[in-house]
Amino acid sequence: MPAEPSAGAPSGPDYKATLNLPKTSFPMRANLVQNEPASQKRWATLGLYERLREARAGRPRFAFHDGPPYANGDIHLGHLLNKSLKDFVVRLKAMEGMDCPYTPGWDCHGLPIEAKVVTDLTETGKMAKIASLEADARRMAVRRECQKYAEKYVRLQGGQMQRLLTMADYADPYLTMSPRYEGATLELFATLIEQGLVFRQRKPVHWSIANRTALAEAELEYMDRDDLSIYVDFEADDADAVYDAFGLPRAPEEDSEDLDSAGREFPGGRPTVRPGFMIWTTTPWTLPANLGIAVNPRFEYALVRLDGAVTVVAKEMAEKIAQIGRVEEATIIATTTGDRLAGLRYRHPFVDGPGLAAALEADMPSPGRSAATLSHAGRGWEAGLHRVVAADYVTLEDGTGLVHTAPGHGVEDYQTGLREGLPIYSPVQADGTYDATAPEWLRGKTVWDANTLVTDRLKQSGHLYHAHTFNHSYPHDWRSKTPVIFRATEQWFVGVDRPYMLPDDNAFERNKTMRQRAIDIVFIEMYAPAATPAQHQIQQEYIREVHEIQQEAQEDQQHQSSLTHASPEELSALIAGASEMSNEHMLPASMSIRFVPEWGRNRLRGMLESRPDWCISRQRAWGLPIPAFTLRRGDGTEATLLTPMSVRAVAAVVRAKGSDAWFQAAPADLLAGYDAKADPDAPPEFGAGFDAAALRKSEDIFDVWFESGSSWHSVMVERGHGFPVDLYLEGSDQHRGWFQLSMLCGLGARGRAPFRALLTHGFIVDRDGKKMSKSLGNTLNVEDLFKEFGADVCRWWVAGQPYEGDIKVDLEFFKTAGESYRKVRNTLRFLLSNLSDAPSEDLASAVKGDFPPTSIDAWALASFDALSKTVRKAYAAYDFRLATQAIYDFCNDTLSAVYLAATKDRLYCDRADSVRRRRTQRAMRILADGLCRLLAPVIPHTADEAWRSLHGEPGANETPGLCVHLQEFLPPTDIRADEGWGAVMKARDAALVALEAAKKAGGDAAVENPLDAGVALPDPGGTLGRFDARDLADLLGVSRVALDPAAHGPGVTDLRGEPRCERSWKRDGTVRRRSDGGMLSDRDAEAVGVS
RNA sequence: GGGCGUGUAGCUCAGGUGGCUAGAGCGCACCCCUGAUAAGGGUGAGGUCGACAGUUCGACUCUGUCCACGCCCA
């Protein structure tokens, strides 16, 4: 290294003390773990949420609605993600100047809590005592424990969510178990009843015979059990129809007079015996309820001869079945596909089909106006019992490929039954014995005895092909450890395929079903001009379909007589309007839903298309009761009271006393506000006046999804926070859950979706993309993350995620987020530290200050305007990743690497009040202020900490009202930067490469320190000439810049031969020995005050 | 098995309507600074764009099949 010219000379004064070095109270180390709780406390003292609502009163409203998490357990990474995103939204809308109510809520009812509580009570021995109580008292005892449990977790999670620094109304959250919420939910339910959307129907559920109760999936325990496995041959009703299906030619001389007698057969012709359909089952006791045989329409079925008999089985299974039956002769006569078999009839081996049909017909509830009696009118079983039906779920894994179907005793059977119009028939009573509709020899017998009784009977009648004992895994009641059965019970439903009509419906919407309305709204573009021929075709088909359905609805006026309809002309006009792509909107555009990301639209639509009627009843204690009453008629049957008026009467009681009242009060008290005589919907048994003492309260509670699906009403409408809601923001699983069910509730009561926009995020997975689970041990504890990184770092990490898809998580990623957070923090710190001696002035006057377009400050401020625009646009699109990345890049590149590096010299070395130093300070104040605001939605603690440091008087920590979260985003400064800045930055890049090359030159020629270098820049257009050469030198970090119009690239000069300023370390050509004995440049000499 | 998604440098991710040497940050390597210092700055090396087939003059981008992963169903 060459000797410094000053080396060896007597060292001059120590100039460090004469510099304006950075100074700030804003520490480099965030210490979030300690400081965030202090912010939390400060905001609480300030009453930040309330203050902000007050300040924004009368401003445009942004109605965000928080979906209720389940009040169970600690918050996990999913909550961290979800709640952070929600808080970003609310805070950024507030920064946009909007009024943003944010009521956090919890889902408090439901089985998981009840199950946990019952387990705990059982383990502590308290359950035995509770079990001895009378029913209502027993439920109340369990409910009290459940409530305590839910309250505990609401408190716990609420604390954790506040620790995450979310800003919401934690003083008054919504709880689905609170009386106000429950009452409002019942009122919404009344509205749905009014629309004729609520009805009662049978549905098979897991049933514990021991406890006489329905069980949820979570209450089942699978244990091995021996059962009879039997193969049964059901005789075909019409043998020729079967042979026709297999394409067997009829024998010319045969007139199929007597197929049962052994006649002659000719080769290739049809057998002379009656064929059968062979099924397999492990629950012989369900055979009395058999109403159909399901085949897969795509499978190949074989007509096989098994010794003397002829039967139909899946071709693939034929050989195996022959082996099982140990038949001597097994030949395949012909094959056909399942779809050709559908519709064929068979004879039940021991049930009289027509007799059963008549009995079931008589049992059908009659149509009427009361919700309770609205059953599936028009859905009879004209097509007949005991026939072959098609079903896709039929597999070839075991059995025969033909599946015994009893709609009252199996989930798939039930769905098939609904689709095929088979009754949901279950002759089994609550105690597991057969009722009077069963064959006489089974009546009063239990289903377990029936297994052998049925098998013996089939054997005697010759229908049993094979029977053996079979060990398999079978669901048991987790408490009694006894096997459970599937049994159809009466449940409440909300019908998605029932036409209804709301006051605001236009002709197009009138008499559409929930499903149609929902799909219309999700796909509102259906009525927008089609972009492609394919789209146009889809539109046409869809519109035609709607037309047909509406016409059907018009024809079927059984229970809809009061509804009016679009006239065919009116409808045609509307449809014609749509098909001609006119501007006529069939649905108001205001009904449309924005999906973020857009594919949520397809997902929600798919789920709406495939969803069955919504079963809203459960047989549990911990929930909101379905306020129905029953009255025993003289003939032993029951009449049900559930009308809009009766429900509203109970709702009033629940509002006042909570749903506990249902279990504690007598029917007369619950119905105190109800006058049956004034209720046009009351069933006749009630309308004439009735004895309240004879009423029985329903033991059903609501599906928790009904409660949460009503939240737009029970929270947002109830509290006056706005309807429809502007945004729902949840995980993508909620397309089936909360989004869809909120939509159904909204459609039923208001005819529209309760939300204007749906934002969904993906799920947290581990670093390898595998799902998180405790058993895999790949989870991270959120409290630990708070302790290790602090909430702001966690939030910064969330903001950086592309949340549309799965989100990979690993401790490493939080460390990385912490690093990038520190980068932003340090940039803020450096800005603040250079403002310690800046005169405080309000920003407005600073903005109006003089920033010449060629000043580096104008460049920085114009860049900030651009950033601000990008960030606010990204925020508006909920693209937090883009927003925070832009902020990060701005801090890292624009500020740290360029602006702050270039202005260091003037800030440190200029006279404190030099024009250009003060100008830079003014710019830096605007930058610091603006950055705090842009960062506030994402890292609320850090933004506020910096804000207070920036704006506080000395001792700022005592300034209580100082808070960035009461501010709004800054309008653009509109400061103009010279068009030449692009060229300057390009020249800078080229110069930096040249300097790097100079460094690597090796030996004595290597100029390692840029301050030892001067650079000559080419300036072909003369652009650079407009700029101050000192600014250019600072931008390159060199001592001196000269312009060389003739040069092709930047030229680096070694300045080590020139003296170096002992204060600024620059070799700018003005450095000489000064009066104080030091070597100083002109600028530094002036700053120090020497000559 | 079905519906909706995702798969691009070591890591996390960008890449309308197909077309110049596929981008960013982190990390890494080398270097500078020591007056933002448990900081700051510079330069640079990393990719057969999940696999296979097809359409095309040309595909990360379009089509099909397959594989892996996630959510929701069955």
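If you're wondering where the values come from, they're calculated on a predicted model, not measured in any experiment. In what follows, chains are A, B, ... by sequence order, proteins preceding strands, each numbered from 1.
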Asks: Looking at B:rA36, I'd like to know if its phosphate oxygens (OP1 or OP2) sit under 4.0 Å from a side-chain N or O belonging to A:Tyr908.
Replies: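 It does, given that an N or O in the side chain of A:Tyr908 lies less than 4.0 Å from OP1 or OP2 of B:rA36.
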Asks: Counting any heavy atom closer than 4.0 Å, what does A:Ala901 reach on the DNA or RNA strands: base, sugar-phosphate only, or nothing?
Replies: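 No contact.
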Asks: Which nucleotide sits closest to the side chain of A:Tyr888: B:rG25, B:rG35, B:rU43?
Replies: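 In terms of side-chain proximity for A:Tyr888, the closest of B:rG25, B:rG35, B:rU43 is B:rG25.
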Asks: So if I take every side-chain heavy atom of A:Arg829 and compare against B:rG25, B:rA36, B:rC32, which nucleotide ends up nearest?
Replies: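 Selected nucleotide: B:rA36.
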Asks: For B:rG15, does the O4'-C1'-N9-C4 (purine) or O4'-C1'-N1-C2 (pyrimidine) torsion place it in syn, i.e. within 90° of 0, or in anti?
Replies: anti
Asks: Assert yes or no for the condition that the ring centre distance of A:Phe706 to A:Trp614 is strictly below 6.0 Å.
Replies: yes
Asks: Among residues at least two apart in sequence or on other chains, which ones pass side chain to side chain contact (heavy atoms under 4.5 Å, CB included) with A:Asp1031?
Replies: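 Scan of A:Asp1031 (side chain to side chain contact (heavy atoms under 4.5 Å, CB included), adjacent residues dropped) gives A:Arg906, A:Arg916, A:Asp1028.
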Asks: Tell me whether the side-chain N/O atoms of A:Lys808 come closer than 4.0 Å to OP1 or OP2 in B:rU12.
Replies: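 Answer is yes, contact under 4.0 Å.
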Asks: Of the options A:Leu77, A:Ile764, A:Val798, A:Leu729, which is the one that meets A:Asn82 in a side-chain contact (heavy atoms from CB on, under 4.5 Å)?
Replies: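 That would be A:Leu729.
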Asks: RNA chain B: stems of at least 3 consecutive Watson-Crick or G-U pairs, cut-off 3.5 Å?
Replies: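 Ordered by first number, the stems with RNA chain B (at least 3 consecutive pairs each) read B:1-7 with B:67-73, B:10-13 with B:23-26, B:28-32 with B:40-44, B:50-54 with B:62-66.
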Asks: Check for me: is A:Trp1065 stacked on B:rG35 by the 5.5 Å centroid and 30° plane-angle rule?
Replies: yes
Asks: Do the side-chain N and O atoms of A:Asn834 and A:Tyr908 include a donor-acceptor pair separated by under 3.5 angstrom?
Replies: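 Judged by distance alone, the side chains do not pair up.
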Asks: As a test of reading the structure: which of B:rG40, B:rC32, B:rA38 is closest to the side chain of A:Pro1010, going by heavy atoms?
Replies: B:rC32
Asks: Can you tell me if the side-chain N/O atoms of A:Lys999 get under 4.0 Å from OP1 or OP2 in B:rG42?
Replies: no
Asks: Would you indicate, yes or no, if B:rG40 has its OP1 or OP2 atom less than 4.0 angstrom from a side-chain nitrogen or oxygen of A:Lys823?
Replies: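 Affirmative; the distance criterion is met.
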Asks: Could you point out which residue of A:Trp796, A:Trp797, A:Tyr821 forms a side-chain contact (heavy atoms from CB on, under 4.5 Å) with A:Thr884?
Replies: A:Trp796
Asks: Under 4.0 Å, counting only non-hydrogen atoms across every strand here, what does A:Glu819 touch: a base, just sugar-phosphate, or nothing?
Replies: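 Sugar-phosphate, backbone atoms only, no base.
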Asks: Would you say A:Asn20 reaches B:rG35's phosphate, i.e. side-chain N/O to OP1/OP2 under 4.0 Å?
Replies: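 Result: no.
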Asks: Could you list all N or O pairs between the protein and nucleotides 70-74 of chain B that sit under 3.5 Å apart?
Replies:
residue	atom	partner	partner atom	Å
B:rG70	OP1	A:Lys771	N	3.4
B:rG70	O4'	A:Asp806	OD2	3.2
B:rG70	O2'	A:Asp806	OD1	3.0
B:rC71	O2'	A:Arg603	NH2	3.2
B:rC71	O2	A:Arg603	NH1	2.9
B:rC71	O2	A:Arg603	NH2	3.1
B:rC72	O4'	A:Arg603	NH2	3.2
B:rC72	O2'	A:Arg736	NE	2.8
B:rC73	O5'	A:Arg736	NE	3.4

Asks: Which nucleotide, B:rC11, B:rC4, B:rG40, lies nearest any side-chain atom of A:Trp599?
Replies: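 Shortest atom-to-atom distance from the side chain points to B:rC4.
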Asks: Which nucleotide wins on minimum distance to the side chain of A:Phe813, given the candidates B:rA38, B:rC33, B:rC11?
Replies: B:rC11
Asks: Could you measure between the two C1' atoms, the one in B:rA51 and the one in B:rU6, and give it in whole Å?
Replies: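 The same atom, C1', in both gives a distance of 16 Å.
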